[in-house]
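A short worksheet on the structure shown next.
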Amino acid sequence: MEKVVTRIPPSPTGHLHIGTARTALYNFLFARKHKGDFIMRSEDTDRARSTLAFEEEIREGLTWLSLTTDSFSRQSERAAIYRSYLEKIINEDKAYISKEESKSNPGESIEVVRLRNPNIPLTFADEVRGDITFDTTELGDFVIARSLDDALYHFAVVVDDFEMGVTHVIRGEDHISNTPRQILIQEAIGAPRPYYAHLPLILALDRSKMSKRHGAVALYQYRDTGFFPQAILNYLALLGWNPGTPQEIFSLPELIEAFDVAKIQKAGAVFDIEKLKWFNKEWFKIVPQSDIEPTLRAALKKTFDISTPDERVVKNLIHLIRDRSTVLSDITKDVEEGEYDFAFKAPVLDPALIKWKKDETAKDALPRLHEVITRLTGATDSDNPEAIKSILWDYAEKVGKGEVLWPLRVSLTGKEKSPDPFTVIATLGIPEALRRIQNACDTIEAS
RNA sequence: GGCCCUAUCGUCUAACGGUUAGGACAGCGCCCUUUCACGGCGUAAAUCCGGGUUCGAUUCCCGGUAGGGUCACCA
């Protein structure tokens, strides 16, 4: 069997769209699944609107997603190739040069190239939708080049796909109506017909094609708010495709393994940021530490001006962050808002907060805190909350969990809300915890 | 408007003629942790409508309806 080749042909006239990212993903998955190639082609034949900056952003975006390509080319550098094909089919009278008035510059006379349309009904097989039939008559002798040296999109695409050995064209549903004219061109240049698979569109809330007016559509916007590439890939894969099993969390290798064109959805799918957030939350628990750590360190430096934080605390804090965060930017936000103050700042204690019950005074908590100090003093330090819990749990159960745990937690963090006391102690280490509890006792006595 | 595509909970989807129409996200409720978060359990919520075909249609066919895409000397 011939080697599978898929492609992603973005035109560098805008940011990397989330829909383009998904199309790239599906092409990537299919190619990798079949041990084929996945190539990228910059469709920059519209010189006026294409920029190198966008091209670069698109390439970087795909790299960020780990969607590696096997080759890269630019249509703007292939004019000679298009010209040779144009000359060939003109010689064969399958296309012709037509002198007409320029539409873009009225008054100017130009020689465009038009395809001789055989005006036939045309049916092609779509891997996701089955047979689709068009009457090509309505296309007329459509223009395929502005001039011999200036091929238009459809012509360039067909020549390139042929020259590059593309076997499977997997693209958005918005290209269905482009397919008949591309097939006509294929037949004119004698190219074989690739397999086609037209993907359902990604829709906005109002079920129209997702575009700028609907908010964030560019990949970089999701990267910037702190979504993991793993989560984006995972979500995008399941938006319009399903594995046929209840599994939802997929790594890229797992997606390659599970991917199957037959399970691509026909109907458009609404992009739901809430579900994306859920995927990100799940991935927060499993991404490598190196995906989280730089953000944490930057936040610590910014908020606390700590450039060399206690490594034990950082390590333990990352565990906490993993199941308390949704997007990476939560780290910065939470650090700024004081969520993790307890880890780096001794608390300023409000004795009134120590009281567990309304009719208590802060001083009532003193003997309990002293008992905690006694127990902790002889204990082995650990950064496992469970181990810390076992030191104190039986006492807390005996005296009353609220009676012990609430004042303890408040002395450690000074806050109304925080992680549980065992986790806090495990994070800080027993010596620091002891200092804080002792300090709390002193404050209470002085009040 | 012409052409093309599509139609299961609010959203993503499963069920390729026979199911109490399943799961996930979001929502709601309860439990756990005597704080927050995490977690666990539960609940509500759907086959667009009308005709066929069939013993039997979410499923197959036709027609409506609705939504979407596309109609360049853009890509």
Side-chain angles (χ1 to χ4, degrees), chain A residues 9-14 42-50 75 98 100-105 108 110-114 126 128-130 132-139 142-147 150-154 156-157 172-181 198 200-201 203-209 235 238-249 262-263 265-279 281-282 285 320-326 334 339 353 356-357 389 396 400-406 409-410 413 415-423:
Chain A
S11 71
T13 54
S42 186
E43 311 236 306
D44 56 351
T45 50
D46 186 339
R47 301 308 294 155
R49 293 195 302 144
S50 301
Q75 290 190 328
S98 163
E100 11 192 297
E101 181 185 334
S102 169
K103 278 185 190 168
S104 43
N105 299 308
E108 183 194 357
I110 56 170
E111 296 187 335
V112 299
V113 182
R114 288 183 179 273
D126 187 286
V128 350
R129 286 154 221 279
I132 300 176
T133 302
F134 281 89
D135 180 0
T136 58
T137 306
E138 49 201 68
L139 266 27
F142 57 92
V143 176
I144 55 179
R146 285 187 202 93
S147 72
D150 202 357
L152 253 19
Y153 166 73
H154 292 294
V157 164
E173 188 184 2
D174 47 346
H175 284 285
I176 289 182
S177 54
N178 288 157
T179 306
R181 28 156 82 67
H198 286 97
L201 259 19
L203 274 22
L205 257 33
D206 65 0
R207 303 204 75 89
S208 68
K209 192 168 149 184
Y235 175 62
L238 263 38
L239 194 62
W241 170 82
N242 77 82
T245 68
Q247 183 180 350
E248 295 213 75
I249 304 300
K263 290 216 159 273
Q265 216 65 225
K266 290 184 184 68
V270 173
F271 186 90
D272 181 8
I273 187 79
E274 293 304 323
K275 185 101 185 203
L276 206 211
K277 282 184 186 168
W278 177 78
F279 275 104
K281 215 175 197 166
E282 293 300 306
K285 296 169 188 163
L320 262 182
I321 285 170
R322 278 185 188 276
D323 55 41
R324 299 174 86 92
S325 307
T326 299
D334 290 344
E339 279 302 295
L353 200 56
W356 169 240
K357 286 178 180 146
K389 184 177 178 182
K401 285 179 264 186
E403 276 76 2
V404 177
L405 270 19
W406 178 266
R409 200 187 55 73
V410 173
T413 68
K415 301 236 175 188
E416 206 162 354
K417 296 174 183 176
S418 78
D420 68 85
F422 311 121
T423 301

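Just so it is clear: chains get the letters A, B, ... in the order the sequence lines come, proteins before strands, and each one is counted from 1.
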Pick out the pairs of N or O atoms, protein on one side and nucleotides 39-41 of chain B on the other, that lie under 3.5 Å.
from  : atom 1 : to       : atom 2 : distance (Å)
B:G39 : OP1    : A:Lys285 : NZ     : 3.1

### Query
For atom P, what is the distance between B:A44 and B:G51, given to the nearest Å?
31 Å
### Task
For B:C60, give its Watson-Crick or G-U wobble partner with both distances under 3.5 Å, or none.
B:G52
### Message
Only pairs with both distances under 3.5 Å count, Watson-Crick or wobble alike; so what is the partner of B:C41 in this structure?
### Response
B:G29
### Message
Using atom P in both nucleotides, what's the gap between B:U6 and B:G10 to the nearest angstrom?
### Response
23 Å
### Task
Would you indicate what A:Ser418 reaches in the nucleic acid, counting non-hydrogen atoms under 4.0 angstrom: base, sugar-phosphate, or nothing?
base
### Query
Which nucleotide sits closest to the side chain of A:Ser11: B:C25, B:U6, B:A75?
B:A75
### Query
So what does A:Gly240 touch, heavy atoms closer than 4.0 Å: a base, only the sugar-phosphate, or nothing?
sugar-phosphate
#### Entry: Short N-O contact, A:Glu248 and A:Lys275, less than 4.0 angstrom
yes
### Query
What is the base-pairing partner of B:U34, counting Watson-Crick and G-U wobble geometry with both distances under 3.5 Å?
none
### Query
Are there more than 12 heavy atoms of other residues, nucleotides or ligands under 6.0 Å from atom CD1 of A:Ile249?
yes
### Message
Would the distance check show the side chain of A:Asp334 and the main-chain N or O of A:Glu339 forming a donor-acceptor pair, the cut-off being under 3.5 Å?
### Response
no
### Query
Is A:Lys209 touching bases, backbone alone, or none of the nucleic acid, heavy atoms closer than 4.0 Å?
sugar-phosphate
### Task
Can you tell me the pairing partner of B:U11 across any strand shown, Watson-Crick or G-U wobble, with both distances under 3.5 angstrom?
B:A24
### Task
Can you tell me the pairing partner of B:G2 across any strand shown, Watson-Crick or G-U wobble, with both distances under 3.5 angstrom?
B:U70
#### Entry: Nearest-Å distance once atom C1' is located in both B:A21 and B:U58
8 Å
### Task
Remember a base hit wins even if backbone is also touched, and classify A:Ile110 as base, sugar-phosphate or nothing at under 4.0 Å, heavy atoms.
base
### Message
Quick one about A:Glu100 and A:Ser98 (side-chain donor to acceptor, distance below 3.5 Å, no hydrogens or angles considered), yes or no?
### Response
yes
### Task
Decide whether A:Asp150 and A:Ser147 meet the rule of one side-chain donor and one side-chain acceptor closer than 3.5 Å.
no
### Query
Which one, B:U13, B:U11, B:A75, comes nearest to the side chain of A:Asp272?
B:U11
### Query
Between the main-chain N or O of A:Leu353 and the side-chain N or O of A:Trp406, is there a donor-acceptor pair closer than 3.5 Å?
yes
Short N/O separations, protein against nucleotides 1-3 of chain B, under 3.5 angstrom:
none

### Query
Which is true for A:Thr245 with a 4.0 Å heavy-atom rule: it touches a base, it touches only sugar-phosphate, or it touches nothing?
nothing
### Query
How is A:Asp420 classified with respect to the nucleic acid when contacts are heavy atoms under 4.0 Å: base, sugar-phosphate, or nothing?
base
Please write out each protein N/O paired with an N/O of nucleotides 20-24 of chain B under 3.5 Å, distance rounded to 0.1 Å.
from  : atom 1 : to       : atom 2 : distance (Å)
B:A24 : O4'    : A:Glu248 : OE2    : 3.0
B:A24 : O2'    : A:Glu248 : OE2    : 2.5
B:A24 : O2'    : A:Lys275 : NZ     : 2.9
B:A24 : N3     : A:Lys275 : NZ     : 3.2

### Partners passing side chain to side chain donor-acceptor pair (under 3.5 Å) against A:Ser50 (at least two apart in sequence or in another chain)
none
### Query
What residues, two or more places apart in sequence or in another chain, satisfy side chain to side chain donor-acceptor pair (under 3.5 Å) together with A:Glu108?
A:Asn105
Nucleotide N/O to protein N/O under 3.5 Å, stretch nucleotides 42-45 of chain B:
none

